[in-house]
Amino acid sequence: MQLTRSFFARDTLFVARELIGKRLVKIDAQGRIAGIIVETEAYRGEDDLGCHARAGLTNRTKVMYSLAGYSYIYFTYGKHWLFNIVTESIGYPAAVLIRGLLITEGGQIVAERRNYLPQDHWTDGPAKICQALDLSGIHNGYDLCKNGAVIFVEHFEQSPVKLLGVTTSPRIGLNSVPEPWKSMPWRFVAQI
DNA sequence: GCGACGATGGGCT
DNA sequence: GCCCATCGTCGCA
């Protein structure tokens, strides 16, 4: 069942934690690709110096100020796209970065897009997920909660993977971000 | 206008 | 483990 806007319109830390074990789905011309979310990070507010919204409302960050359940997809390091889902209420900039996925459907398509690397390396990083699901800037600001969405998150009746729990750690890659933001335990990882 | 640098990944040692 | 490509965004002049 497709997650509704009320799921995303909550505290970003809750959403980031509860997205672990949910299923992310993308439907496109090449087929349906799905995977279980196993790693996320929370970014919330202009005060959070690890969050892009520290710069305030700009052309890049404006989608983070919009409706929960929209995608926030941005380009970095001159080559990579990263996929986030907007959270909280309109006007409060926050999002959850999807960092890790276990592919459960569409493996054939993903294998091709990931250059036939070993399956462990298909979607074990945020930019790899965008390669695998073919997500880029054209999908920025997409409503994952609308009827007929081709990108959405759903919960299982019966999960194919047994999750033992969720661990936390500091967010990855915030090397020059000041404390306390650098060390906030806002990364969530599934224990399989 | 312009320079610094990044929520990374792939290739090489 | 280390290096660095590659370019949009932001901050500052």
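In what follows, every chain begins at residue 1, and chains take the letters A, B, ... in the order their sequences are listed.
- Enclosure of atom CG in A:Asp120 by more than 12 non-hydrogen atoms of other residues, nucleotides or ligands within 6.0 angstrom is indicated.
- In this structure, CG of A:Asp120 is placed 15 Å from P of B:dG9, rounded to the nearest angstrom.
- Contact check, A:Thr76 against B:dT8: no side-chain N or O comes under 4.0 Å of OP1 or OP2.
- Considering only the side chain of A:Ala55, C:dC10 comes nearest among B:dA7, C:dC10, B:dG9.
- Which of B:dG10, C:dT6, B:dA7 sits closest to the side chain of A:Lys128 comes down to B:dG10.
- Following rounding to the nearest Å, A:Asn140 (CG) and B:dA7 (C1') show an atom-to-atom distance of 15 Å.
- Within the 4.5 Å cutoff, side-chain heavy atoms of A:Val153 are placed close to those of A:Phe8.
- Heavy atoms from other residues, nucleotides or ligands lying under 6.0 Å from CZ of A:Phe14 number 12 at most.
- Comparing atom distances between the A:Tyr72 side chain and each of B:dA7, B:dG10, C:dC7 picks out B:dA7 as nearest.
- Ion pairing between A:Arg32 and A:Glu154 holds under the 4.0 Å rule for side-chain N and carboxylate O.
- Rounding to whole angstrom units, CZ of residue A:Arg114 and C1' of B:dG9 are separated by 8 Å.
- Atom-to-atom, NZ of A:Lys79 to P of B:dA7 comes out at 16 Å; the value is rounded to the nearest Å.
- Figure legend: A:Arg54 and A:Trp181 shown without cation-pi pairing, the cationic atom not lying both under 6.0 angstrom from the six-membered ring centre and within 45 degrees of its axis.
- Comparing C:dC10, B:dA7, B:dG9 against the side chain of A:Arg60 picks out C:dC10 as the nearest.
- Distance, A:Trp81 CH2 to B:dT8 P: 15 Å, rounded to whole Å.
- One interatomic measurement links the two molecules: CG of A:Leu49 to C1' of B:dA7, which rounds to 14 Å at whole-angstrom precision.
- The line from CZ of A:Arg23 to CD1 of A:Ile37 is 11.0 Å long, rounded to the nearest 0.5 Å.
- Residue A:Tyr92 holds its OH atom at 6.5 Å from OG1 of A:Thr12, rounded to the nearest 0.5 Å.
- Taking 3.5 Å as the limit, the base of C:dA5 and the side chain of A:Tyr77 contain no donor-acceptor pair of atoms between them.
- C:dG1 and B:dA7: their P atoms are spaced 22 Å apart (whole Å).
- Heavy atoms of A:Arg187 sit nowhere under 4.0 angstrom from any nucleic acid atom.
- Nucleic acid contact class of A:Asn175 (heavy atoms, under 4.0 Å, all strands): none.
- Each of A:Ser176 and A:Pro126 has a nearest nucleotide on DNA chain B; the 5'-most of these lies closest to A:Ser176.
- For the pair A:Leu133 and A:Phe83, the minimum side-chain heavy-atom distance is 4.5 Å or more.
- When distances run from any side-chain atom of A:Gln131 to the nucleotides B:dA7, C:dG8, B:dG9, the shortest one goes to B:dG9.
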Notebook entry, point to check: Dot-bracket for DNA chain B, 5' to 3', with Watson-Crick and G-U pairs under 3.5 Å, [ ] for crossing pairs and | for other-strand pairs: what is it?
Noted result: ||||||.|||||.
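- To the nearest angstrom, P of B:dT8 lies 12 Å from CZ of A:Arg171.
- C:dC10 atom C1' lies 14 Å from atom CG of A:Leu57, rounded to whole Å.
- Looking at heavy-atom distances under 4.0 Å, A:Leu97 makes contact with a base.
- One finds a side-chain N or O of A:His52 lying less than 4.0 angstrom from the OP1 or OP2 phosphate oxygen of B:dA7.
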